[in-house]
Amino acid sequence: LRAGQLRDMRLAVLSAYEETCSQRGTQLLDELLLELEMVLMDMQVAKWPTAVRTLRRQAYLHARQMNSSRASYAGDGVDLCQLLDQSTDIGIDPSSDSILIEIYDTYAEEVDKIIVDAVGRQLLVEIEIEIASIAKDETRLSELEAMSISGWGQLYELNQRTSTQIQDHLIATGNVDASARWQEKVKEANFPWLFEKAEPVFVYEWIVREHPEHIEQADGFITVYKDRIGAIQDEMIVMIIRARSDDQIVLHPDMARHIIMGGRRSDLHAAYLRLTGSLSVTESQAMAELMGILDERSHELLQRDMRRWRSGL
């Protein structure tokens, strides 16, 4: 097919999806769940609402976590029930705390309402974004971006409010350390790509393990690095959230040039890129300081282990 023919075919297929699948897909799931509920035994009926809410979170939120390594992700798939279930390592056991159980159940019900309302609408928006991208309709792309962010805003607000409830409860029960660690856990879940282990941290851990005689010097460098990086990360998070909440703009380094139309969007993008540049410079400086501790032979061994680490070995 010629380029023009291929473009027209893609638009025709997406238009067909837009007319049928965006609504019919969610209807099919609702019909399936209704039919299954009709054949449940008495002992299963009581557990059914919880099972359905869990299924919806898995299908809608957990699937979005597949994109959590992208810099455009800002908690789009965060499920606090999932995080609570995975928090025994930081001293939180929701199954043995009546207040946490109540918060857990209330959150599950509220997020389920958001999901039921959002699924069909979000699928339709995603299809229309594809259509507008093919058609190079910049105005429509901006409108659809704002529509997509409105769904995110409901989830993010609920997650922040519920997370604060959990923090306050942990502090009230004297578990201040768990409260702080929970706060960090939620922050990292919202922006996992921003908190992936960076090269300076790997190098520091390598020095501690392989050259303990340099620990004191390495500690000084890594402490300064973590303080600087933490400040930049916090600034980036505030900028990303404000851009979404106040301007309906998704900030990330790879923003398509054809939708940067000057004005506020262009200014935000430039400010964001300056922050990512500061992040890179800070990491480079820390790497140079840590590497400067080592001799030539240690450099060779470190580079070998870094190649293995980058390859996931």
[X] side-chain N/O to [Y] backbone N/O, donor-acceptor pair under 3.5 Å:
{"X": "Q44", "Y": "M41", "answer": "yes"}
{"X": "S133", "Y": "I129", "answer": "yes"}
{"X": "D295", "Y": "S298", "answer": "yes"}
{"X": "H214", "Y": "I207", "answer": "no"}
{"X": "Q233", "Y": "L194", "answer": "yes"}

Should the heavy atoms of other residues, nucleotides or ligands under 6.0 Å from [atom1] of [X] be counted, would the total exceed 12?
{"X": "K197", "atom1": "NZ", "value": "yes"}
{"X": "E213", "atom1": "CD", "value": "yes"}
{"X": "R304", "atom1": "CZ", "value": "yes"}

(Q) In terms of relative ring orientation, are W193 and F191 parallel, tilted or perpendicular, with 30° and 60° separating the classes? (A)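 Rings of W193 and F191: perpendicular, as their planes differ by over 60°.
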Q) Angle class for the H211/W206 ring planes (parallel below 30°, perpendicular above 60°, tilted otherwise)? A)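 If you compare the ring of H211 with that of W206, the planes turn out tilted.
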Tell me whether [X] shares a hydrophobic cluster with [Y], the cluster being built from Ile, Leu, Val, Met, Phe, Trp, Tyr side chains joined at under 4.5 Å.
{"X": "I171", "Y": "I99", "value": "no"}
{"X": "F195", "Y": "I232", "value": "yes"}
{"X": "L301", "Y": "I215", "value": "yes"}
{"X": "Y272", "Y": "V281", "value": "no"}
{"X": "I115", "Y": "L34", "value": "no"}

Contact summary for [X] and [Y], nearest pair of heavy atoms:
{"X": "L279", "Y": "I229", "result": "CD1-CD1, 3.5 Å"}
{"X": "V111", "Y": "A108", "result": "CG1-O, 3.5 Å"}
{"X": "A189", "Y": "Y73", "result": "O-CE2, 3.7 Å"}
{"X": "T276", "Y": "L273", "result": "OG1-O, 2.8 Å"}
{"X": "A271", "Y": "M239", "result": "CB-CE, 3.9 Å"}
{"X": "L268", "Y": "A243", "result": "CD1-CB, 4.1 Å"}

Q) Please, which pairs that meet salt bridge (charged side-chain N to carboxylate O under 4.0 Å, His left out) have at least one residue in residues 86-113, sequence neighbours excluded? A) R56-D112, E110-R161
Heavy-atom side-chain contact between [X] and [Y] under 4.5 Å:
{"X": "L55", "Y": "L33", "value": "yes"}
{"X": "L36", "Y": "L40", "value": "no"}
{"X": "C81", "Y": "R53", "value": "no"}
{"X": "M306", "Y": "L302", "value": "yes"}
{"X": "E283", "Y": "Y225", "value": "yes"}
{"X": "R70", "Y": "H252", "value": "no"}
{"X": "L84", "Y": "I166", "value": "yes"}
{"X": "Q303", "Y": "M291", "value": "yes"}

Q.
Could you tell me if D85 and Y104 have a donor-acceptor pair between their side chains, going purely by distance under 3.5 Å?
A.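 A donor-acceptor contact under 3.5 Å links the two side chains.
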**Q.** Under 3.5 Å side-chain donor-acceptor pair for W182 and S163
**A.** yes
How long is the gap from [atom1] on [X] to [atom2] on [Y], to the nearest 0.5 Å?
{"X": "T106", "Y": "I101", "atom1": "OG1", "atom2": "CD1", "result": "11.5 Å"}
{"X": "I134", "Y": "R7", "atom1": "CD1", "atom2": "CZ", "result": "8.0 Å"}
{"X": "L14", "Y": "E130", "atom1": "CG", "atom2": "CD", "result": "6.0 Å"}
{"X": "S68", "Y": "N190", "atom1": "OG", "atom2": "CG", "result": "11.0 Å"}
{"X": "K185", "Y": "L80", "atom1": "NZ", "atom2": "CG", "result": "11.5 Å"}
{"X": "T162", "Y": "Q160", "atom1": "OG1", "atom2": "CD", "result": "9.5 Å"}

Q.
Under the rule for side chain to side chain donor-acceptor pair (under 3.5 Å), what residues qualify as partners of Q65, not counting sequence neighbours?
A.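 Scan of Q65 (side chain to side chain donor-acceptor pair (under 3.5 Å), adjacent residues dropped) gives Q82.
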Q) So Y156 and D76, side-chain contact (heavy atoms from CB on, under 4.5 Å) or not? Walk me through it. A) CA-CA 8 Å; Y156 189 81; D76 304 78; over 6 Å; no
Q: Could you please spell out the steps behind the side-chain contact (heavy atoms from CB on, under 4.5 Å) verdict for L155 and V78?
A: CA-CA 8 Å; L155 175 66; V78 170; 5.6 Å; no
Q.
Let's go through Q285 and R228 carefully: what are the C-alpha distance in whole Å and the side-chain angles of both, what is the deciding distance for side-chain contact (heavy atoms from CB on, under 4.5 Å) to 0.1 Å, and is it a yes or a no?
A. CA-CA 11 Å; Q285 290 174 341; R228 290 175 178 171; 3.8 Å; yes
Q.
Check for me whether R244 meets the cation-pi criterion with W152, that is, NZ or CZ under 6.0 Å from the six-membered ring centre and within 45 degrees of the ring axis.
A.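 Output yes; distance and angle both within limits.
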Q. Is the closest basic N to carboxylate O distance between R181 and E184 below 4.0 Å?
A.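 Here R181 does not pair with E184 in a salt bridge, since their nearest N and O are not under 4.0 Å apart.
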Q: Decide side chain to side chain donor-acceptor pair (under 3.5 Å) for Y204 and D219; before the verdict, give the C-alpha distance in whole Å, the side-chain angles of both, and the deciding distance to 0.1 Å.
A: CA-CA 8 Å; Y204 168 75; D219 278 344; 2.4 Å; yes
Q. Please walk me through it: do Y107 and N159 pass side chain to side chain donor-acceptor pair (under 3.5 Å)?
A. CA-CA 8 Å; Y107 172 82; N159 282 347; 2.6 Å; yes
**Q.** Stepwise side-chain contact (heavy atoms from CB on, under 4.5 Å) check, D305 with R308
**A.** CA-CA 5 Å; D305 289 348; R308 292 176 176 173; 3.9 Å; yes
